[in-house]
**Student:** 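Would you mind keeping the following structure in view while I ask a few things?
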Amino acid sequence: MSNHKEAFEITYQENILKVMPVYIEKQVLYHIQFPDKTPPLVICSAINFDREKFWTFIPEGRQELAIETGWLIDNYLTTQTK
């Protein structure tokens, strides 16, 4: 789990998205705000039965967007902590 607690920004399809980590017990969720009228997205990472990390979302129906923005968040957190 990341210890990053401050809001940060990522670039997705030439748009700047605001990302806010939200901590619930031992899980971190990411609330993503879009600059246009796209509804906010809440995503989190999980581990599947094959022990592979994946990104999922709340609410349903936006899996592709969750995957794409999730890996951008991963990249941001990895590069900011080095």
**Student:** Rounded to the nearest 0.5 Å, how far apart are OH of Tyr30 and CE of Met20?
**Tutor:** 12.0 Å

**Student:** Which atom pair, heavy atoms only, marks the closest approach of Arg62 to Pro40?
**Tutor:** NH1-O, 2.9 Å

**Student:** The criterion is side-chain contact (heavy atoms from CB on, under 4.5 Å); which residues satisfy it with Pro35, sequence neighbours excluded?
**Tutor:** Asn15, Leu17

**Student:** Do any pairs count as a salt bridge (Lys or Arg N to Asp or Glu O under 4.0 Å) and have a residue in residues 7-24, sequence neighbours left out, and if so which ones?
**Tutor:** none

**Student:** Output all residues satisfying ring-ring contact (aromatic ring centres under 6.0 Å, His included) with Phe34, sequence neighbours left out; order by chain, then residue number.
**Tutor:** none

**Student:** Show every side-chain hydrogen bond (donor to acceptor under 3.5 Å, both in side chains) that has at least one partner inside residues 42-55, sequence neighbours left out.
**Tutor:**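 Counting only pairs at least two positions apart or across chains, the side-chain hydrogen bond (donor to acceptor under 3.5 Å, both in side chains) contacts touching residues 42-55 are Asn48-Glu52, Lys53-Asp74.
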
**Student:** Which residues pass the side chain to side chain donor-acceptor pair (under 3.5 Å) test with Gln63, not counting sequence neighbours?
**Tutor:** none

**Student:** Working to the nearest 0.5 Å, report the span between CD1 of Ile16 and CD of Gln33.
**Tutor:**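 Rounded to the nearest 0.5 Å, the CD1-CD separation comes out at 13.5 Å.
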
**Student:** Please report the interatomic distance OG1(Thr69) to CD(Gln13), rounded to the nearest 0.5 Å.
**Tutor:** 10.5 Å

**Student:** Find out whether Phe8 and Ile73 are in side-chain contact, i.e. whether some heavy atom of one side chain is under 4.5 Å from a heavy atom of the other.
**Tutor:**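 Result yes, sub-4.5 Å side-chain heavy-atom pair found.
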
**Student:** Any side-chain heavy-atom pair from Cys44 and Thr56 closer than 4.5 angstrom?
**Tutor:** yes

**Student:** Roughly how far apart are Ile43 CD1 and Leu65 CG, rounded to 0.5 Å?
**Tutor:** 8.0 Å

**Student:** Does a side-chain heavy-atom distance below 4.5 Å link Phe54 with Ile67?
**Tutor:**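 Counting from C-beta outward, Phe54 and Ile67 never come under 4.5 Å.
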
**Student:** Not counting sequence neighbours, which residues clear side chain to side chain donor-acceptor pair (under 3.5 Å) with Thr38? List them please.
**Tutor:**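 With neighbours one apart ignored, the set is Asp36.
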
**Student:** Phe57 and Val42: side-chain contact (heavy atoms from CB on, under 4.5 Å), yes or no, with the steps?
**Tutor:** CA-CA 6 Å; Phe57 54 95; Val42 177; over 6 Å; no

